[in-house]
Amino acid sequence: MEICCTNFSLYLQLMKGTSEKEKNQQKSVDFESFKNQVLADYKLACLSREASLLGRKEVLTGKAKFGIFGDGKELAQIALAKEFKNGDFRSGYYRDQTIMLAINELTIEQYFAGLYAHTDVEIEPQSAGRQMGGHYATRNLDSHGEWKNLMLQKNSSADISPTAGQMPRLVGLAQASKVYRENELLSTTEKAQKFTDKGNEVAFGTIGDASTSEGPFWESINAAGVMQIPLVMSVWDDGYGISVPREFQTTKGSISEALAGMQRTEDKKGYEIFVTKGWDYAHLCQTYEKAVRLAREEHVPVLIHVKEVNQPQGHSTSGSHERYKSKERLEWEKEFDCIAKFKEWILSFDAGGNKISDAETLDNLQKEAKAEVRQAKNNSWKRFTSEIQQELTELTSIIESAGEGSSQKAFILKELEILKKTYEPIRKDLLNTARKVLRLMFKEQSQKKDTLAAWIQKTIESSYNKYSSHLYSESNSAIHKIAAIAPKYGQEERMEDGRIILRDNFKAQLDKMPELLIFGEDAGKIGGVNQSLEGLQDQFGMNRVFDTGIRECTIIGQGIGMAMRGLRPIAEIQYLDYLLYAIQVLSDDLATVQYRTKGGQKAPLIVSTRGHRLEGIWHSGSPMGMIINALRGMHICVPRNMTKAAGFYNTLLEADEPALVVEPLNGYRTKEKYPENIGEFKEALGMPEIVEEGTDLTLVSYGSTFNICQMAAKPLAELGISVELVDIQTLIPFDIEHAITKSVQKTNRLLIIDEDVSSGATGYMLDKIMVEQECFYHLDSAPHTLSSKDHRPAYGSDGDYFSKPNIDDIVEKVYAIMSESDPSTFPPLY
Ligand SMILES: Cc1ncc(C[n+]2csc(CCOP(=O)(O)OP(=O)(O)O)c2C)c(N)n1
Ligand SMILES: [Mg+2]
């Protein structure tokens with residue numbers, strides 16, 4: 001189905017004979033291949049349309065859950081796909097089935113497998129049934145989680161459902177081309193050959209007209225205009241966002257008019273803005289050819305506002321568009337249906353007697369398309385159901401056999417009958433019946449019952465791979481496979497500010513890894529607000545260490561997109577408090593990349609930020625509970641000093657997983673021992689450190705608060721209390737080897753302290769320790785937590801003292817626990 005036709009739009013012009021010179025060239029053009037190309041496009045448009053029509057039926061008859069289709073957008077997408085080359089990337093949304101079909105990265109069978117949620121990745125390669133239909137992706141990793149050669153295929157980053165959620169990542173995908181083009185040392189490395197041909201790749205973005213209202217759209221468009229990166233942005237403008245019309249969405253009711261100020265001029269860089277119509281084949285082809293050439297060759301971002309697009313079946317399978325579109329609009333949509341218009345154009349085409357086709361041929365192509373789609377759908381359904389049928393046959397015989405000799409036989413067979421009568425049963429129906437039958441037999445003991453129980457367990461276990469694998473990397477570069485290396489210290493003890501250790505470590509890594517980039521607000525010229533990147537831009541250049549605008553969401557997007565193209569970005573968010581501007585993209589996009597593709601894509605982005613104690617409501621937050629709950633799928637490191645932080649960066653740079661490192665804000669000017677093996681030592685994740693041994697109570701904490709807990713150890717010792725200090729070091733993964741419970745086995749008391757709100761990260765830790773580690777067996781006192789006040793921290797040192805756990809609070813909390821269990825030794829203080 002692939003379309004390859006160079007100079008296609010020029011050809012159209014030539015055939016129309018718009019100038020004398022062109023007329024003369026006309027003869028040299030092969031009309032036959034042009035004609036075949038147009039007919040192939042027509043057939044593809046029909047195939048895609050039939051898939052939409054039949055897709056809707058599959059949902060309405062209950063075989064698929066939900067459908068959202070690309071009908072009405074076929075022609076524009078065919079024009080776009082003509083310009084899509086190997087190595088290019090798409091970052092789009094649920095209307096793009098025709099692009100995916102045209103670039104040969106989706107078959108009609110796969111499209112239906114997606115609708116049915118087929119869990120076999122070979123059959124449903126977009127997401128192995130994890131995402132609803134209409135969410136597309138290519139397989140960019142091999143079965144071991146290693147990069148394929150992305151220059152040998154056309155690539156699509158994996159779609160997400162939040163509207164405009166594709167935008168931040170798009171910026172990074174396009175920026176990668178610029179990074180590769182401007183850094184020859186990098187683009188000529190062997191590794192880079194899998195990702196680039198000197199930065200000639202284009203990133204294609206698509207979005208609906210209404211979703212341009214979202215903040216990430218504007219932020220991304222501005223960032224791409226500032227950076228001048230090869231981004232080709234298509235807006236499919238059908239005039240509605242579900243039912244809300246364009247006039248409620250966009251200033252002047254037109255995205256190209258609203259963005260007109262971004263149009264580049266002779267002396268100012270900006271966008272090249274194109275306007276075209278979704279039903280005008282010739283103009284669409286000409287527009288895309290021009291626009292993509294500009295982006296590819298000159299790295300000018302372009303916007304293509306595709307107007308007069310329609311949606312013949314309405315928004316999705318939930319509801320009909322008759323509810324909100326006027327009669328006139330609905331009639332217009334019929335008249336200006338892009339396939340009907342394409343047909344008219346083909347039939348009226350006449351270049352000096354050369355015609356493309358007649359009505360009968362086109363009707364036949366349409367009929368062929370219909371038959372092919374129906375056949376593909378049937379094949380897909382058969383494959384989907386045959387697996388479950390096999391499981392059903394197996395279960396039926398197990399249940400029948402279990403029923404024999406059971407006192408509950410009549411009830412068991414009744415359950416089986418209900419299952420057998422279920423129309424198109426799914427796994428849930430099978431398991432539901434099996435588990436009910438097992439419960440019916442709860443008082444019996446027989447081998448047949450055991451066989452049933454074993455079947456249930458086996459089926460649940462195998463569902464892990466189907467529905468729950470790949471939340472984290474399963475490749476050889478997974479975090480847990482990276483061996484730790486301790487920092488080494490020489491004879492002479494050298495003490496340095498924490499920031500120097502970080503800086504020198506980044507320097508060593510930048511030296512080693514040409515694909516490493518570090519960027520963020522103030523990260524470039526001044527070397528970071530805390531000087532932890534001091535001098536690195538001078539040394540490594542503006543392409544490796546650079547400033548960005550103040551736009552956290554797209555800083556993360558830059559990181560995601562570049563990480564998907566083989567680069568190793570460290571994206572800096574200036575303060576932890578401002579991570580909230582990026583939490584949506586981190587949570588919805590970055591944290592789900594591996595999971596939503598079942599290991600088909602990865603984005604090993606490291607997000608670096610600094611947080612915890614400083615001053616004022618928005619410079620001292622520590623909302624770790626929110627972060628860990630939003631970012632499952634990422635690793636979260638909370639080092640207590642900069643040597644630890646550097647150790648985490650070194651581990652993460654060897655791994656292929658996304659992670660967040662929260663540097664302790666008050667640690668940049670604190671003296672630390674300077675390791676000799678800078679850039680080499682690596683900290684293991686999920687391994688708490690027992691920093692001080694003790695016997696009376698296990699005190700668990702992390703980050704800046706840990707340092708305060710350490711200060712509390714001395715006054716506690718003076719009170720006769722010996723605490724065992726445990727730094728958890730990473731919140732995700734959390735204490736893999738249950739070091740905390742091992743400590744409590746000795747002390748029998750537990751206190752967890754941090755500076756999040758109550759029941760935030762302390763609630764998470766308590767659950768892990770009590771429920772997962774079953775620590776309660778070893779406790780002689782109730783487990784306790786100590787966290788900050790539930791309001792944001794007040795400004796100033798007194799604000800800090802009264803908002804967050806301070807040394808006195810910690811000492812007294814530990815004392816109170818001891819006093820409760822031994823009041824004669826530790827009489828109450830108050
Ligand atoms: C952040 C977010 N808000 C709301 C939705 C629900 N939603 C899904 S599609 C849609 C309308 C999008 O319209 P448009 O961008 O014009 O695309 P179209 O469907 O018309 O192609 C809405 C509101 C969503 N998916 N994500
Ligand atoms: Mg729309």
Side-chain angles (χ1 to χ4, degrees), residues 48-49 52 55-56 59 65-77 80 90-100 131-136 158-170 204-221 233-251 253-256 258-259 277-279 303-325 329-330 332-333 336-338 553 557 581-589 592 596 630:
S48 183
R49 177 65 60 87
S52 300
R56 186 175 173 89
V59 177
K65 272 241 128 149
F66 175 77
I68 191 152
F69 308 110
D71 45 315
K73 325 281 179 295
E74 294 90 349
L75 230 46
Q77 296 189 14
L80 179 153
R90 163 186 170 275
S91 185
Y93 79 116
Y94 50 78
R95 299 281 179 217
D96 292 347
Q97 70 199 46
T98 315
I99 298 179
M100 297 303 290
Q131 293 224 64
M132 51 169 62
H135 291 64
Y136 302 107
D159 295 355
I160 60 174
S161 297
T163 56
Q166 69 274 34
M167 293 297 304
R169 170 189 349 125
L170 174 66
F204 289 91
T206 70
I207 195 165
D209 52 317
S211 301
T212 64
S213 308
E214 293 278 14
F217 174 81
W218 292 89
E219 195 177 308
S220 302
I221 289 290
M233 186 73 233
S234 296
V235 181
W236 311 139
D237 185 354
D238 71 335
Y240 293 88
I242 308 186
S243 67
V244 182
R246 185 169 45 216
E247 290 64 33
F248 286 28
Q249 306 279 3
T250 312
T251 306
S254 163
I255 195 63
S256 49
L259 288 174
K277 289 176 180 158
W279 48 265
L303 176 102
I304 305 174
H305 181 185
V306 185
K307 290 181 166 177
E308 299 191 23
V309 171
N310 60 43
Q311 227 156 264
Q313 299 192 107
H315 177 74
S316 72
T317 49
S318 340
S320 68
H321 56 163
E322 284 81 9
R323 284 182 302 166
Y324 51 86
K325 286 181 187 165
R329 168 77 195 189
L330 288 166
W332 177 85
E333 288 203 4
F336 282 81
D337 183 303
C338 64
C553 155
Y581 270 61
I583 202 86
Q584 184 271 330
V585 64
L586 287 168
S587 180
D588 288 332
D589 196 354
T592 67
R596 73 182 194 263

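When a ligand or atom number is given, it counts from 1 through the structure's own listing order.
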Heavy atoms, side chains only, cut-off 4.5 Å: are [X] and [Y] in contact?
X      : Y      : value
Cys338 : Arg49  : yes
Asp96  : Trp236 : yes
Glu333 : Lys325 : yes
Glu219 : Tyr581 : no

[X] heavy atoms, cut-off 4.0 Å: which ligand 1 atoms fall inside?
X      : answer
Tyr93  : 17 (O), 18 (P), 21 (O)
Gly208 : 14 (P), 15 (O), 16 (O), 17 (O)
Arg95  : 18 (P), 19 (O), 21 (O)
Asp238 : 20 (O)
Gln311 : 18 (P), 20 (O), 21 (O)

| task | Measure the distances from the heavy atoms of Gln249 to every atom of ligand 1 and state whether one is below 4.0 angstrom. | result |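 Judged by the 4.0 Å heavy-atom criterion, Gln249 does not count as contacting ligand 1.
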| message | For Glu214 and Thr163, which I'm curious about, is there any donor-acceptor pair between the side chains at under 3.5 Å? | response |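 Short answer, yes.
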| Between the side chains of Glu74 and Ser48, is a donor N or O closer than 3.5 angstrom to an acceptor N or O? |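 No, no side-chain donor-acceptor pair sits under 3.5 Å.
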Protein heavy-atom partner closest to [atom] - residue, atom, separation in Å:
atom                    : value
atom 15 (O) of ligand 1 : Ser211 OG, 2.5 Å
atom 25 (N) of ligand 1 : Ser161 O, 3.1 Å
atom 13 (O) of ligand 1 : Gly241 CA, 3.2 Å
atom 10 (C) of ligand 1 : Ile242 CG1, 3.7 Å

| field | N or O pair under 3.5 Å between Ala210 and ligand 1 | value |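 It does: an N or O of Ala210 is found under 3.5 Å from an N or O of ligand 1.
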| Are the side chain of Gln166 and the backbone of Ala164 linked by a donor-acceptor contact shorter than 3.5 Å? |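 Here the side-chain-to-backbone pair exists.
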| Is there a donor-acceptor pair closer than 3.5 Å between any side-chain N or O of Arg596 and the backbone N or O of Ala158? |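 Looks like yes, one N/O pair under 3.5 Å.
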| task | Measure from atom 8 (C) of ligand 1 to every heavy atom in Thr163, Thr250, Ile160 and give the option owning the shortest one. | result |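 Heavy atom nearest to atom 8 (C) of ligand 1 belongs to Thr163.
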| query | Which of these, Tyr94, Phe217, Tyr240, has its nearest heavy atom closest to atom 12 (C) of ligand 1? | reply |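 Selected option, by shortest heavy-atom distance: Tyr94.
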| said: Need the atom name: nearest N/O/S atom of Asp209 to the Mg ion (ligand 2). | reply: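 The closest N, O or S atom of Asp209 to the Mg ion (ligand 2) is OD1.
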| query | For the Mg ion (ligand 2), which N, O or S atom of Asp238 is at the shortest distance? | reply |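 Closest to the Mg ion (ligand 2) among those atoms: OD1.
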| field | Heavy-atom protein neighbour under 4.0 angstrom from atom 6 (C) of ligand 1 | value |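 So atom 6 (C) of ligand 1 lacks protein heavy-atom neighbours under 4.0 Å.
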| said: Is there a salt bridge (Lys or Arg N to Asp or Glu O under 4.0 Å) between Asp589 and Arg169? Walk through the geometry before answering. | reply: CA-CA 8 Å; Asp589 196 354; Arg169 170 189 349 125; 2.8 Å; yes
| query | Does a salt bridge link Arg90 with Asp159, judged by any charged N lying under 4.0 Å from a carboxylate O? | reply |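 Between Asp159 and Arg90 there is a salt bridge, with a charged N closer than 4.0 Å to a carboxylate O.
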| request: Using a cut-off of 6.0 Å, state whether more than 12 heavy atoms not belonging to Phe248 lie near its atom CZ. | output: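 It does not: Phe248 CZ has 12 such atoms or fewer within range.
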| query | Below 2.8 Å, any N, O or S contact between Tyr240 and the Mg ion (ligand 2)? | reply |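 For Tyr240, the answer is yes, given that an N, O or S atom comes within less than 2.8 Å of the Mg ion (ligand 2).
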